[in-house]
Amino acid sequence: MQIIELRIKGKVQGVGFRPFVWLLAQQHQLQGDVKNDGQGVVIRLAKIEQNALQHFLNDLHHKLPPLAQITDIQQQQKHLKNAPQFDGFVISESEQNAMDTQIVPDAATCSVCIADLFEPQNRRYHYPFTNCTHCGPRFTIIKAIPYDRKNTSMANFPLCSDCAAEYKNPADRRFHAQPNACPECGPHIWLQDYHHKIADNETALKQTALFLTKGKIIAVKGIGGFHLACDATNPIAVQALRERKHRPTKPLAIMVADLNSLLDLSPEEKNLLTSTAAPIVLLAKHKVPQICDLIAPHLAEIGVMLPSNPLQHLLLREVKRPLVMTSANPSGQPPVLDNQSAVENLQNLADFYLCHNRDILQRADDSLVRAAFDGIETLRRARGYVPNETELNIVNQKNILALGSDLKNTFCLLKGDKAVVSQHIGDTANDKVRLQLEDNLTLFQQIYQFKPEIIAIDAHSGYFSSAVGKALAEKWNIPVRTIWHHHAHLTAVLAEHHYQFERNEKVIGIALDGLGMGQHHQLWGGECLLVDYANCQYLGGLPAVALAGGDLAATQPWRNWLAHIQQFVPNWQALATHTCAELNWQPLAKAIEQKINAPLASSTGRLFDAVAFALGITPAKLSWEGEAACQLETLAMQSTFINQSAVEISTNLPVKMPIKDDKLDLATFWQSWLHYESDAANKAFCFHWALAQGFAQMAKMNAQKYQCKTIVLSGGVMHNQLLRRLLKVQLTEFKVLSGHEFPMNDGGLSLGQAAIAAAHY
Ligand SMILES: [Zn+2]
Ligand SMILES: [Zn+2]
């Protein structure tokens, strides 16, 4: 007997795909079966006409459930001696073998589940853990594959008879929804203080809302970690949160109940906010009414998200006001995941704890994105996007593990042409973050059954992530490839764009960031490079300037200002005396002169710090990374030049950053900039302009020399929208690529490292 076998790959498990196929097959009156296997889903059909099959395949592609995604369908006619006797169409038992199928990210509560939540007759009315195959937790509750309830943190909650009936019924939208639960059989919430439980369930919810309206700070357990919540309209509560968190100015994310709480949103912003990933979206401040000034001081944008789980929906409706929702972690540490650590570690931060008894197995911070002028821009990639897989346009037979960077650490597993980048893990300077990196590495290898054959690490030998990579390579006796930081930045963008090089083609890259290891152990951060996947050649960039005081330069902008004027401005002593008489600058100037604790680096980040300090807009000591640079961009956006054309600006502005040999001439820049008399906003703007013009010139010159048609922008500084726009405005004759799905900051580095390593083996 003849059958037709369809093998389907993609996101097809745990997303309601089999019941969808089952329903579709009923509608098409087909005979056969559908089941999961290690590769995805297999559909077997009793032989049918080609037309009927085509019709079925069309529907399969076009009527997919919301979280499903098909990447490939292979079709085969089979002659079977012992062919199965199909009686109608059924869902068969899963086969268990090596998995090569995608794990699905956590998805925000769907509209049908929200309706259940607020329908008083529904048995899940106000139940904070309702979900279905179209929504709910996935990645954060999984500890092994296949994605079955027994391999998730729902294993401790046996289904009641009603839930079991839904689970077994292909016509129900909770068919095989692994986290399916109800008040009868599922997890529950409670409110407690440090010592005692205060209330359960509905009372806990009501009491939490009441405390929030009274200005209390509550630790709320979510999907991928705890948040600290407080009333975003209450300056006293927000100030208390800032003081307890030792976070004087770093912007705080907020959560609003729905789109009606926001104004003037673009279609792109609406799409991002209501997407299944439900990230924090950076919005212009005027779009977010009612918010107190302390949420994002000195900045033009506020990070806003909508509720992404039922508990958040319930809470936001109950409090009837926006809430601050910031990750719950003592300074420098990763967010807490379990109830006990929350109570212990957050006792100086939270007044109360809204807990639940479903364990979080994978940490997933809120993702951070922006609907930028040139498309979606991802600044932090975690909940809702991880572990989506990315297909690269490369030839690779090996299993490659790339360890990323020490700041904004992520790692990447590359198998063939499929890359999976981990969630944002954070700054490995902290011991607990290091532990999480190692735990996550183990877990990812376990759930993907991934055995590395090559390890890729950053060229900075002092990085913890590099040390982890080397130790693993030694343990498994496999090769390690060290990779220049900025080559990885640029390659991450190429990889994300599936860039295919023509024969002998190279592209020009502009990589601007704080600091990274480059050629001959030089510290880079403002480079123009000639690259392909395998190679990277230095073309030019910013001159190296002392990092006065080593690491202190990253947090004290005046040190960079002093180093810059000392190197580039004649009679700088008079300027120093005039500008910072109260700072003890003379000993530092001497140390720079004598090259004591003053390593050289061509850092764009430190140049931003120096300019911000010269304008008097930055504190003596920064309290968060990028503070001075973000303030400088915000100020520049208020400039009268903002709406002028490139031609107008270039004729009106006396400040330039010309090219001298292969370097940007910072002496000319500083001297013309210091003499340029205008308000602070115009001075901030013309710094951006001069920098963009300098790098655009350098890129164009080299593109001509090496016959390149494509220019790639990357590095953390490229998240500066104004700078990126000014660069793109001047490079219109080229194909210009920048990062969208992956961060251009160090969060995207591991993807680039993996692609480079693949090009070498
Ligand atoms: Zn749902
Ligand atoms: Zn139940």
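Worth saying up front: this structure is predicted, and the values here are computed from it rather than measured. When a ligand or atom number is given, it counts from 1 through the structure's own listing order. Computed over heavy atoms, backbone and side chain alike; hydrogens, waters and symmetry mates excluded.
Between C160 atom SG and C163 atom SG, the angle centred on the Zn ion (ligand 2) amounts to 110° (nearest 10°). Rounded to 10°, the angle that SG of C110 and SG of C132 form at the Zn ion (ligand 1) is 110°. The Zn ion (ligand 2) lies at the vertex of an angle of 120° between the SG atom of C185 and the SG atom of C182 (rounded to 10°).
A salt bridge links R173 with D116; the closest basic N to acidic carboxylate O contact falls under 4.0 Å.
Residue contacts to the Zn ion (ligand 1): C135 brings an N, O or S atom closer than 2.8 Å.
The aromatic rings of H740 and H497 sit perpendicular to each other, their planes meeting at more than 60°, with 30° as the lower class boundary. Ring geometry, F118 versus H126: the interplanar angle exceeds 60°, so the pair is classed perpendicular (tilted spans 30 to 60°).
For F129 and H356, the distance between ring centers is under 6.0 angstrom.
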